[in-house]
Asker: 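Here it is, the structure, as C-alpha cells.
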Amino acid sequence: MSPLLPEFIQQAEALIQGGEILPSGVNHLARRLQTAVETNTPLRIKLGLDPTRPDLHLGHAVVLKKLRAFQDLGHKAVLIIGDATALIGDPSGRNNTRPPLTEAEVLVNAQTYLDQASKIINLEKAEIVRNSAFFNEMGLQGLLQLTAQVTVAQILARDDFSKRYSQNTPIALHEFLYPLMQAYDSVMVRADLELGGSDQRFNNLLGREMQLAYAKLRGEDPTSINPQLVLLLPLLEGTDGKVKMSKSYPENCINLTDSPSEMFGKLMSIPDAMILRYETLLAQLPEQQLKQHAEMLADPEGYGINPRDMKVGLAKFMVASFHSGEAADLAEEAFNALFRDKALPTEMPEHTLTAGESYVLVDLLVEAGLAPSKSEARRLIQGGAVKLNGETKVADVLATISGIPTESLVLQAGKRKFVRLLFVQRMGVTPIK
RNA sequence: GGGUAGGUGCCCGAGUGGUUAAAGGGGGCGGACUGUAAAUCCGCUACUUCGGUUACGUUGGUUCGAAUCCAACCCUGCCCA
C-alpha cells in the first residue's frame, strides 16, 4: 500500500470539520480518498432522506452541504429516497410511534424533496435510488434473511428503543425494521461512506455490520471487505435554539422553500446564542472568522457591536445562497421597515369587499384568514392586536367597517399578519329573491 | 387466556359526584419593552347566530347533576401462561 499523502489527510480533515467520523481517526477517510484517486474510482457517498413530510429545512442543509463538498471533490453522491422506509418512519430520537403515511403522500413528497435538494447538491451528477425498488422485490424470504442478521438485544441496545422500553411506552414491532432497512440500503448501493445527523449513529453503524454480513452470505472474503465509513454531523437546533430542527415541529423549522422574507425573519428570530452555531454549520465560515465572531459575541459592548447586526449578516448570507443576493437585500429592507420602523409591508394578500356594505370586523378577520375562528378574532381585538392602516387600534369587539368604492384599507392582526381590503362597486344588478 | 395499572385539552400532566371549559408546565398567539420575529415582563390559549353548543378512549346506564359512579366494548403498559 502506498504511503498516505498529506494532501489527503488535509482533505479528510476539512471534510470531517464540524462532524465526527466513524471508525474514528482521520486516516480512515484519508486512505479512502487517496485510494479513490489512485484507482480512479470515486467514493460512493450515501445520504438517505425519508419523504415523510414535504419540506426540507436547514437541518437537512447541513448534511446536504457536506454531500456537496464530496461532490466537488469528484465523488459520487448517492441519494436514497426512502419511500419504503418512510412507510415505517424513523424511530430515531422518538418517544412514540410515527403516524403512518399513505403511498400517495410518499410519492408527492419524494419529488418535492428532489427539487429542494437540487438547491444544494448537483442532482444531475448524483445517483438517485428509491429504496422501494429493492424492498418491494425482496419478498418474505429476503425479509427473513435480513432480520436474521440482527438480534433483538442489539436492537434494544439502541438508546431510543431502550428508553421507550423502560418507560413502558409502546414500541411496534415494525419499528425494529427501520434500522435494518436503512442498513440494507448501504448494502444495495455499496456505500463507501454514509452521511447522517448525530442521531443516526446506530442506524449508520448497522450499515457497516450489514455490509459485512451480506458479503459473508455471498461467500466473499471478510478481510477484503471495506464497510462504509460514517460521517455524523451535529444536529442543528431550530429557531427556538433548544430543540433540534425537525419536521415534527414545523414551527421550529426554517424550510428551504421559505420565501426570502420568511427565511430572513426566521433567521433573525434565532436566539443570540445560536448565531455562532448557525455560522459554523450552515454558512461554513472560515475558522478564523468564527473565532473572531466568538470573541465579539462574548463581549458585544467591549467590541462595540450589536449581535443583531451579526444575525443580519447571517440571514442575508443564507437567503442569498438559497435565493439570490438581490432577494437578500430586499428581505433585509422589508424586515427593517416592518419591525424596526414599524411600517406597513409593501405587499400583502388582498381581500375584496363591496363598497357601501357594512362588515362586522370579527367576521372579516376570519374571512380574510387573519384568525382561525371568531372567538380567536375576538381575543385578538381584546388583546389590542387589531389595527387599521397601521394606526387605529380597534378595541370594540362589535366594530363594523365599510368603505367607499376604490378605497383600500390595511387590516392588521398582530405584528406579522396583514390583509389589504379593497372596496369595489357592486357589479351588475343584484338579483332580488 | 388469567391478573393488574392506565387512556384527560396541541403536548406533558393534576383532578375520583356539583362555581371544572377542567390546576400546573411546555408549546402557540397577543401586548409592553427593545437591538430583531433575541432576552425579559404581562395577558390570552374550545366553538357560537352570544340564546347556547360541544369536550376528559367508545357506547350505553345511574343521578337534580358525571372527566369523576356502574356496565359493555376498544386501545396501551406490566406480571403470569
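Letters go in sequence order (proteins before strands), and every chain restarts at 1. Any value given below was found using the heavy atoms of this structure, including those in side chains, with hydrogens, waters and symmetry copies removed.
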Asker: Can you name the one residue among A/Leu15, A/Ile21, A/Asn204, A/Leu33 that meets side-chain contact (heavy atoms from CB on, under 4.5 Å) with A/Leu193?
Answerer: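 For A/Leu193, the side-chain contact (heavy atoms from CB on, under 4.5 Å) test succeeds with only one of A/Leu15, A/Ile21, A/Asn204, A/Leu33, which is A/Ile21.
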
Asker: Give the nucleotide from the list B/rA37, B/rA38, B/rG35 with an atom nearest to the side chain of A/Asn306.
Answerer: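 Selected nucleotide: B/rG35.
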
Asker: Salt bridge check: are A/Lys242 and A/Asp240 linked by an N-O gap of less than 4.0 Å?
Answerer: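 No salt bridge links A/Lys242 with A/Asp240.
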
Asker: Which of the following nucleotides, B/rG77, B/rU36, B/rC29, is nearest to the side chain of A/Pro170?
Answerer: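 Of the options given, the side chain of A/Pro170 lies nearest B/rG77.
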
Asker: I need the NZ-C1' distance between A/Lys417 and B/rA37, as an integer number of Å.
Answerer: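 Result: 13 Å.
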
Asker: Tell me whether the OP1 or OP2 atom of B/rU36 has a side-chain N or O from A/Arg308 closer than 4.0 Å.
Answerer: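 Looking at the OP1 and OP2 atoms of B/rU36, one of them is under 4.0 Å from a side-chain N or O of A/Arg308.
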
Asker: Taking B/rG18 as the reference, what is the distance to B/rU45 when you measure between their P atoms (whole Å, please)?
Answerer: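 The answer is 24 Å between these two P atoms.
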
Asker: Would you mind pulling out the nucleotide paired to B/rU40, Watson-Crick or G-U wobble, both distances under 3.5 Å?
Answerer: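 Paired with B/rA32.
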
Asker: Distance between the P atoms of B/rA21 and B/rU53, in whole angstroms?
Answerer: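 Approximately 13 Å lies between the P atom of B/rA21 and that of B/rU53.
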
Asker: Sticking with atom C1', work out how far B/rU48 lies from B/rG52, rounded to a whole angstrom.
Answerer: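 B/rU48 and B/rG52 have their C1' atoms separated by 8 Å.
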
Asker: Do the side chains of A/Lys46 and A/Glu194 get close enough for a salt bridge, i.e. N-O under 4.0 angstrom?
Answerer: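 Looking at A/Glu194 together with A/Lys46, the answer is yes, because their closest N to O distance falls below 4.0 Å.
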
Asker: Closest approach to the side chain of A/Lys266, judged atom by atom: which nucleotide of B/rU48, B/rC44, B/rA37 is it?
Answerer: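 Closest nucleotide among those given: B/rA37.
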
Asker: If you only use heavy atoms from C-beta on, which nucleotide in B/rC47, B/rC50, B/rU36 is closest to the side chain of A/Ser375?
Answerer: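 Selected nucleotide: B/rC47.
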
Asker: Whole angstrom is fine here: how far is it from CG in A/Leu173 over to P in B/rU76?
Answerer: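 The distance from CG of A/Leu173 to P of B/rU76 comes to 13 Å, rounded to the nearest Å.
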
Asker: Expressed in whole Å, how much space separates the C1' atoms belonging to B/rU68 and B/rG17?
Answerer: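 These two C1' atoms come out 6 Å apart once rounded.
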
Asker: Considering just the side-chain nitrogens and oxygens of A/Arg379, establish if one lies under 4.0 Å of OP1 or OP2 belonging to B/rG31.
Answerer: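 For A/Arg379, the contact criterion (side-chain N or O under 4.0 Å from OP1 or OP2 of B/rG31) is not met.
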
Asker: Mind checking A/Gly414 for me? I need base, sugar-phosphate or nothing, with any heavy atom below 4.0 Å counting as a touch.
Answerer: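 Here A/Gly414 touches the backbone only, sparing every base.
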
Asker: Should the side chain of A/Asp272 and the base of B/rG35 be counted as holding a donor-acceptor pair, with the cut-off at 3.5 Å?
Answerer: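 Answer yes: a donor N or O sits under 3.5 Å from an acceptor.
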
Asker: When both hydrogen-bonding distances must be under 3.5 Å and the geometry is Watson-Crick or G-U wobble, what is B/rC10 paired with, if anything?
Answerer: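 Result: B/rG26.
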
Asker: Rounded to the Å, how far apart are A/Asn168 CG and B/rG77 P?
Answerer: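 Between P of B/rG77 and CG of A/Asn168: 9 Å.
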
Asker: So A/Ser373, base contact, sugar-phosphate only, or nothing? Heavy-atom distance under 4.0 Å.
Answerer: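 The residue A/Ser373 makes sugar-phosphate contact but no base contact.
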
Asker: Would you check if the side chain of A/Asn252 reaches a backbone N or O of A/Val243 as a donor-acceptor pair within less than 3.5 Å?
Answerer: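 The answer is yes, because a donor-acceptor pair under 3.5 Å joins these two groups.
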
Asker: If you measure from the C1' atom in B/rG1 to the same atom in B/rA46, how many Å do you get, rounded?
Answerer: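 It comes out at 43 Å once rounded to the nearest Å.
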
Asker: Using the P atom as the point on both nucleotides, what is the distance between B/rC69 and B/rG6, in whole Å?
Answerer: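 Approximately 11 Å lies between the P atom of B/rG6 and that of B/rC69.
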
Asker: Would you kindly compare A/Tyr165 and A/Gln412 by the position of their nearest RNA chain B nucleotide and give the one closer to the 5′ end?
Answerer: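 Per heavy-atom nearest nucleotide, the more 5' residue is A/Gln412.
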
Asker: Can you measure A/Ile275 atom CD1 to B/rG35 atom P for me and round it to whole angstrom units?
Answerer: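 So the two atoms are 16 Å apart, to the nearest Å.
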
Asker: When all nucleic acid strands are considered with a 4.0 Å heavy-atom cut-off, which category describes A/Arg416: base, sugar-phosphate, or nothing?
Answerer: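 If one applies the 4.0 Å heavy-atom cut-off, A/Arg416 turns out to touch a base.
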
Asker: Is there a Watson-Crick or G-U wobble partner for B/rG51 with both distances under 3.5 Å, and which nucleotide is it?
Answerer: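 Paired with no nucleotide.
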
Asker: Hey, are A/Asp329 and A/Lys316 close enough for a salt bridge, meaning a charged N less than 4.0 Å from a carboxylate O?
Answerer: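 Yes.
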
Asker: Nearest heavy atom decides the nucleotide; on that basis, is A/Ile270 or A/Pro307 closer to the 5' end of RNA chain B?
Answerer: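 That would be A/Pro307.
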
Asker: If I take atom CD in residue A/Glu251 and atom P in nucleotide B/rA37, what distance separates them, rounded to the nearest angstrom?
Answerer: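 So the two atoms are 19 Å apart, to the nearest Å.
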
Asker: Now, which nucleotide makes the Watson-Crick or G-U wobble pair with B/rU76, with each of the two distances under 3.5 Å?
Answerer: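 Looking at the geometry, B/rU76 pairs with B/rA5.
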
Asker: What interatomic distance, in whole Å, is found between C1' of B/rC10 and the corresponding atom of B/rC29?
Answerer: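 Pairwise C1' distance, B/rC29 against B/rC10, rounds to 13 Å.
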
Asker: Looking at A/Ser269, I'd like to know whether one of its side-chain N or O atoms comes within less than 4.0 Å of OP1 or OP2 on B/rA38.
Answerer: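 So the side chain of A/Ser269 is outside the cut-off, no N or O lying under 4.0 Å from OP1 or OP2 of B/rA38.
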
Asker: If the glycosidic angle is within 90 degrees of 0 it's syn, otherwise anti, so just tell me which one B/rG51 is.
Answerer: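 B/rG51: syn glycosidic orientation.
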
Asker: Any carboxylate oxygen within less than 4.0 angstrom of a Lys/Arg side-chain nitrogen, looking at A/Asp160 and A/Arg164?
Answerer: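 Salt bridge: no.
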
Asker: Can you tell me the pairing partner of B/rC56 across any strand shown, Watson-Crick or G-U wobble, with both distances under 3.5 angstrom?
Answerer: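 The answer is none; no pair meets the criterion.
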
Asker: Tell me whether the rings of A/Phe70 and A/His75 are parallel (<30°), tilted (30 to 60°) or perpendicular (>60°).
Answerer: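 A/Phe70 vs A/His75 ring planes: perpendicular.
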
Asker: Decide yes or no, distance alone: a donor-acceptor N/O pair under 3.5 angstrom between the base of B/rU48 and the side-chain of A/Lys374.
Answerer: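 Check fails, no donor-acceptor contact within cut-off.
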
Asker: Looking at A/Arg201 and A/Glu20, is there a salt bridge between them, counting it only when a charged N and a carboxylate O are closer than 4.0 Å?
Answerer: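 Yes, charged N to carboxylate O under 4.0 Å.
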
Asker: With both distances under 3.5 angstrom, what nucleotide forms a Watson-Crick or G-U wobble pair with B/rC64?
Answerer: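 Pair assignment: B/rC64 / B/rG18.
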
Asker: Please report, rounded to the nearest Å, how far the P atom of B/rG25 is from the NZ atom of A/Lys242.
Answerer: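 About 15 Å, once rounded to whole Å.
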
Asker: Please state whether the base of B/rU34 and the side chain of A/Lys342 form at least one donor-acceptor pair under 3.5 Å?
Answerer: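 Donor-acceptor pair under 3.5 Å: yes.
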
Asker: Send over the distance from A/Glu262 CD to B/rA37 P, rounded to a whole Å.
Answerer: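 Taking CD of A/Glu262 and P of B/rA37, I get 16 Å after rounding.
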
Asker: For the pair made of CG in A/Leu380 and C1' in B/rG43, what is the distance, rounded to whole Å?
Answerer: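 Nearest whole value for this atom pair: 12 Å.
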
Asker: Considering only atom C1', compute the distance from B/rA23 to B/rA5 and round it to an integer number of Å.
Answerer: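 Each nucleotide's C1' atom is 24 Å from the other's.
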
